[in-house]
Amino acid sequence: MIEIKNLKKSFNQNEVLKGINLSINDNEIVSVIGSSGGGKSTLLRCLNFLEHADSGTIRIADVNVDCSSANKNDVKKIISKSTMVFQNFNLFKNKTALQNIMEPLIVNKILPKAEAEKVALSYLKKIGLEEKKDEYPSKLSGGQQQRIGIARALVLDPEVILFDEPTSALDPELVSDVLKLIKEVASEKRTMIIVTHEMAFARDVSDRVVYMDKGEVVEVGSPEKIFTNPKEERTRQFLARYLQPEYII
Ligand SMILES: Nc1ncnc2c1ncn2[C@@H]1O[C@H](COP(=O)(O)OP(=O)(O)OP(=O)(O)O)[C@@H](O)[C@H]1O
Ligand SMILES: [Mg+2]
């Protein structure tokens with residue numbers, strides 16, 4: 001369960017999150033859509049403390065953190081509750097596919113090397129890339145790199161997985177494999193927030209969709225509601241720019 005209350009974040013004079021309130025249930029898949037610059041990445045980064053929000057509270061599972069007074073220990077606890085999948089994969093270039101997936105288990109001292117290797121191998125199998133275990137990222141396609149990015153996020157079995165436009169950097173023909181994997185992960189009863197511009201995917205995979213604009217949550221609803229009958233004019237206008245005929249029932 002994630003509970004975000006009145007979360008605010010500014011970069012100098014630019015207020016990027018203007019008091020975000022959002023609750024997400026256990027095992028819920030929530031997509032976040034919205035125009036560029038609306039604060040979607042900043043929201044995810046604040047949940048994972050890659051950015052430190054100025055104020056507001058974040059609860060993930062049993063850890064509740066007040067951002068205006070959070071100390072190192074609070075931050076450490078809440079960071080351990082989520083992992084992030086990045087648009088540009090963020091793999092270690094000097095590590096192989098297998099080593100990239102093992103990394104969180106080693107760095108967090110969760111398993112000794114030999115066991116970490118076994119677990120990482122099982123994830124490589126799961127994503128269908130066992131035969132690439134000794135390849136470096138530069139020898140892999142974007143889609144393969146992102147599947148490794150997802151395996152790396154899964155290996156710690158986190159409470160929450162945060163996806164920030166996981167397919168935006170991929171060539172169109174590589175998108176579907178990655179979306180298929182995310183859908184598979186979603187079906188394993190996990191709590192996920194997916195920032196995406198893939199509207200058909202958001203509609204297909206999500207329990208709820210959040211439309212964000214200019215640092216605010218404008219509207220939250222079921223995919224049917226948001227994509228066919230949004231309440232807010234701003235949501236309608238945004239979708240009018242995106243919706244293609246195949247997305248309309
Ligand atoms: N580290 C930073 N320093 C200064 N400004 C930042 C920083 N990160 C984000 N911003 C600003 O915050 C605003 C929101 O950015 P953010 O990346 O969260 O938007 P977004 O909704 O993810 O956009 P996109 O769809 O293009 O990824 C933008 O105006 C951006 O320039
Ligand atoms: Mg972004």
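In listed order, ligands and their atoms are each counted from 1. All values derive from a computational prediction rather than experimental measurement.
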Compute whether any side-chain donor of one residue and acceptor of the other, for S82 and N48, lie under 3.5 angstrom apart. yes
Do the side-chain N and O atoms of T83 and R152 include a donor-acceptor pair separated by under 3.5 angstrom? no
Can you sort out the partners of D54 under side chain to side chain donor-acceptor pair (under 3.5 Å), two or more places apart, ordered by chain and number? none
Regarding [X] and [Y], does a basic nitrogen lie under 4.0 Å from an acidic carboxylate oxygen?
| X | Y | value |
| --- | --- | --- |
| D62 | K81 | yes |
| E28 | K189 | no |
| R190 | D157 | yes |
| K125 | E131 | no |

For K95, does the NZ atom have more than 12 heavy-atom neighbours from other residues, nucleotides or ligands under 6.0 Å away? yes
Pairs under 3.5 angstrom, nitrogen or oxygen on both sides, ligand 1 versus protein: list them out, please.
from, atom 1, to, atom 2, distance (Å)
ligand 1, 18 (O), T42, N, 2.9
ligand 1, 18 (O), T42, OG1, 2.5
ligand 1, 19 (O), G39, N, 3.3
ligand 1, 21 (O), G38, N, 3.1
ligand 1, 21 (O), G39, N, 3.0
ligand 1, 21 (O), K40, N, 2.9
ligand 1, 21 (O), K40, NZ, 2.8
ligand 1, 22 (O), S41, N, 2.9
ligand 1, 22 (O), S41, OG, 2.8
ligand 1, 23 (O), G37, N, 2.8
ligand 1, 25 (O), K40, NZ, 2.7
ligand 1, 25 (O), E165, OE2, 3.3
ligand 1, 26 (O), S36, OG, 2.6
ligand 1, 27 (O), E165, OE2, 3.3
ligand 1, 29 (O), N14, ND2, 3.4

If we only look closer than 2.8 Å, how many protein N, O or S atoms does the Mg ion (ligand 2) have near it?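 For the Mg ion (ligand 2), the figure is 1.
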Only counting residues at least two apart or in another chain, list the ones meeting ring pair (Phe, Tyr, Trp, His ring centres under 6.0 Å) with F86. none
